[in-house]
Amino acid sequence: MNTASQIKPFVLRALKDLYNAEFTESELTITATRPEFEGDFTLVLFSFVKQLKKSPEHLGKEIGGYLQKMSPEFFKSYNVIKGFLNLTLSDSHWVIFLKENFSNKMFGIQSQTGNKVIVEYSSPNTNKPLHLGHLRNIFLGWSIAEILKAQGNEVIKTCVVNDRGIHICKSMVAWQLFANGATPETTKIKGDHFVGEYYVKFNDEHLRQQEELMKNGMGKEEAEKEAPIMKATQQMLLDWEAGKPEVMELWEKMNEWVYKGFNVTYKRIGADFDKMYYESNTYLLGKKFVEEGLKQGVFFRKDDGSVWIDLTAEGLDQKLVLRKDGTSVYMTQDLGLAEEKYQDYHYDQSIYVVGDEQNYHMKVLKLIMEKLGKPYADGIFHLSYGMVELPSGRMKSREGTVVDADDIINEMAAVAKQKTEDLGKVKDFSESELASLYDTIGLGALKFFLMRVDPKKKMVFNPEESVDFHGFTGPFVQYTYARIQSILRKEGNAADLKSVNTGNRSVLPLFNSEKQLIILLEQFPAIIQLAAEEHNPSVIAVYVFNLSRMFNTFYSELSVINAESEEKKQLRLQLCMMTSNIIASATSLLGIKVPERM
RNA sequence: GGUCUCGUAGUACAAUGGAUAGUACGCAAGUCUCCGGAACUUGAUAUCCCAGUUCGAUUCUGGGCGAGACUACCA
C-alpha cells in the first residue's frame, strides 16, 4: 500500500472523531504537495466545507492537529494554506520504506490474478514493408501487453496478417511482368522491401496505362478499371480464390519473402507474438454469424440479397455485413475472427491495437457482438491510437514521404554511433558490443519518442528532434542508468547494504533531494496501475523520465561515495540501487533496454 | 451534409475539477580541483473566442471560429 492511501484512514478517523462525519476514501483528495510549498502530501479541504460548515483554514488546523496527535511518529508537521492542508511525514517513514524495498527488483510487479487478456497488434499487409505508423502500433501493443502482465494478467500477444486480397495480387502481377525471375536472394534486398518495390511498380505502370487510355478519350474512373494491368490483377484475385495452383505457389513464395523480412525487423525491435492469425484462413469465417444474426432479427436482408445491420437507433448508419454475391467483407471476417480468438483462448478482455481511422469500424464490431449476445462482447477494447505525421503533414506513399521502419531504425543507430564515438567513453568495447550498444540507444530513443505521447493523440514525428538525445528522451534515461551502474560497480553490494542500519539518527534529517527521490520511487506501483487502467504507456515514459531527472538533481547536489558519514553513504547507495532497479523495470515495460555503460 | 476527435510558449508534448498552468527542444546566462557534462542551476515566452455550472475550469456544459479522421458491396 502506498503512502497516500496510508494517510486516508487517518483522515477519515479524524473527520469522524472531530465532527462525527462519515466520508469514504474515494471522497478524499490527497495529492503530492507542489514543490513551492512545504510538505509531502496535500489534503484538499474544500469538499468538506459545505457539509461541515467551517472555513477551510479552520478545518485544516483542526484536522492537521488531530492527525499529529494521533500518530506523531508518522506525521511530522503540517501547515494550512488557503484550502490546502499540507502534511509532512517523518523522515524515518521514508528511510524504512527505502530499506525494505531497495533491493527488490520486482518492486511494483503484481502476482497473477488469473485474468486473461489477448492483445492484437502490428497487423501488417504483406505487400509492403513496415513504416513509422506500424512502429507506433507495435511499440504500443507490445508495451501494453507487458504492462498488463506486470499487473498480474495472463497476456497472449497476437497478430493478424493481412495476406490476401487485391493489394497482394498487385505485387504479384507486377513481379510476373517486371522481375525476370529476380528474388530477394539474387538482388540481396530484404524480402519485404523487395516485394514492396513491385507494389510501387504496379502503381507506376497502372498510372501510365491509365493516362494512355485517357488520352484516347476514356474517363478517369473507367480508365482505372480498364487498364490491362488492373484487369490482370482482378483475374489473379479470382484465380487465387479458385485456388489455381501456379497462383497459389507464387502467392506463397512472395509472402514467404515478406515474412522473412518482417521477422528480421521484429527480432531487432524485440516484437514477439504468441499466435499469428492469417486472413487467408479467417476471411471465410463469420458467415455463420450472418445466419445467426438473421435468425435473431439483428440483421436484415435487402432485396438484392445483401445483408445489413441497422444501427441508426445507436446514432450510426446501416452497415453491410455480407455482399449480395454472398462474399465476406472486412466486418464479416472480424466477427468470425473475434469468435475464433475466443474459442482459442477464452479471454476476459480482447484488446485491438488499431489506428483511430478505424474508430467507427471498431465501434460497430463491438456493437454487433453485443446485439448478438456474445458473452465476450464486453471485453472487446479498441486501443485507438492517432496517426504519426511529419512536420510537413501526413505521410503519403504517393509522394514518397512514408518513413520506412528499417530506414529510421538504422538512422537512429547511426546517430547513436556518431554520438558515442564523439564522447569516446567506451573505446574498449568489442565490435559486437558496440553494435549492440548502438541498437540499444538508437531503438531506445525511437521507442521513447513514439511512446512518450498519449496514444490517443496524433503526433508529429520530427526527424531532427528524434535524433536529439538530450532532455525528454530515451538516451537521457539510459544515461542515468549507466551512471548509477558506474557507482554501484565501485561500491554497491546489496548484501552489505542490507546489514547496515540506516534507520539510525545519523541519516536524519533527509536532504530534500533524497526525500523527493524516495517519494518518486514509492509511486512506481501506482504508476504501473495507472498505465494499465488507461492503456497508456506514456504514463510510464513520463514517470521514468521524471525519476531520472530527480536522480540527476540528487546526484549533482550530494556525493554518494564521499558522503559525510558511512550511514549516509549506505542510504545513498540504497537510493542508487532502487533507482536503477526501477529504471530498468520501467524501461523494460516500454521495451527499452538499458546499458551498463554508454 | 452527418458522426467523432483535437485547438496550451517559436516548436513538440504534460496537467484524477484544485494552489503561482508543467516538461523538453530552441533562445539567454551560469555551474566543474566533478562518484561519468548524453549532466546540473537560473531566466524570458502559452490555455482559440464568448457565455454557463462551481468556493475553484486547460479540464465539465452550450454556442462560435479553426484543423483532422471517418462516413465504400476496399481492407
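Each chain gets a letter, A, B and so on, in the order its sequence line appears, and its residues count up from 1.
- For the pair A:Leu443 and A:Ile592, the minimum side-chain heavy-atom distance is 4.5 Å or more.
- In this structure, the CD atom of A:Glu465 is 8 Å from the P atom of B:A12, given to the nearest Å.
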Going 5' to 3' through nucleotides 70-75 of chain B, assign each nucleotide B (protein heavy atom under 4.0 Å from a base atom), S (under 4.0 Å only from sugar-phosphate atoms) or - (no protein heavy atom that close). SS-BSB

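- No side-chain donor-acceptor contact under 3.5 Å links A:Tyr330 and A:Glu279.
- Only at 4.0 angstrom or more do the heavy atoms of residues 129-137 of chain A sit from any atom of RNA chain B, so none qualifies.
- Atom CD in A:Glu314 sits about 14 Å away from atom C1' in B:U3, given to the nearest Å.
- Under the side chain to side chain donor-acceptor pair (under 3.5 Å) criterion, A:Glu340 pairs with no residue at all, not counting sequence neighbours.
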Please tabulate, for side-chain N and O atoms in residues 449-461 of chain A, each donor-acceptor pair with protein atoms closer than 3.5 Å (sequence neighbours left out).
from     : atom 1 : to       : atom 2 : distance (Å)
A:Arg452 : NH1    : A:Phe472 : O      : 2.7
A:Asp454 : OD1    : A:Lys456 : N      : 3.0

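- Residue pairs meeting the side chain to side chain donor-acceptor pair (under 3.5 Å) criterion with at least one partner in residues 120-135 of chain A, sequence neighbours excluded, are A:Glu120-A:Lys341, A:Ser122-A:Tyr266, A:Thr126-A:Asn255.
- For A:Ser466, there are no side chain to side chain donor-acceptor pair (under 3.5 Å) partners, not counting sequence neighbours.
- Counted by atom type alone, A:Glu557 and A:Ser513 present one or more donor-acceptor pairs between their side chains at under 3.5 Å.
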As a check on the pairing definition, encode RNA chain B in dot-bracket form, counting Watson-Crick and G-U wobble pairs whose two distances are under 3.5 Å, and using | for partners outside this strand. (((((((..((((....[...)))).(((((.......)))))....(((((..]....))))))))))))....

Quick one: what's the B/S/- string for nucleotides 30-38 of chain B, heavy-atom cutoff under 4.0 Å, read 5' to 3'? -----BBSB

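- Listed pair A:Thr553 / B:A39 fails the phosphate criterion, with no side-chain N or O lying under 4.0 Å from OP1 or OP2.
- Applying the salt bridge (Lys or Arg N to Asp or Glu O under 4.0 Å) test to A:Asp439 and every residue at least two apart in sequence or in another chain returns A:Arg268.
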With the sugar-phosphate defined as primed atoms, P, OP1 and OP2, and the base as all remaining atoms, what B/S/- string results for nucleotides 13-23 of chain B, 5' to 3', for protein heavy atoms under 4.0 Å? SS-B-BBS-SS

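- The salt bridge (Lys or Arg N to Asp or Glu O under 4.0 Å) contacts involving residues 31-46 of chain A comprise A:Arg34-A:Glu36, A:Asp40-A:Lys515, where partners must be two or more places apart or lie in separate chains.
- Under the 3.5 Å distance criterion, with hydrogens and angles disregarded, a donor-acceptor pair is assigned to the side chains of A:Asn137 and A:Tyr385.
- Among residues two or more places apart in sequence or in another chain, the side chain to side chain donor-acceptor pair (under 3.5 Å) test is passed with A:Glu27 by A:Thr24.
- Note that A:Lys319 lies outside the cation-pi zone of A:Trp308, set by a 6.0 Å cut-off to the ring centre and a 45° limit from the axis.
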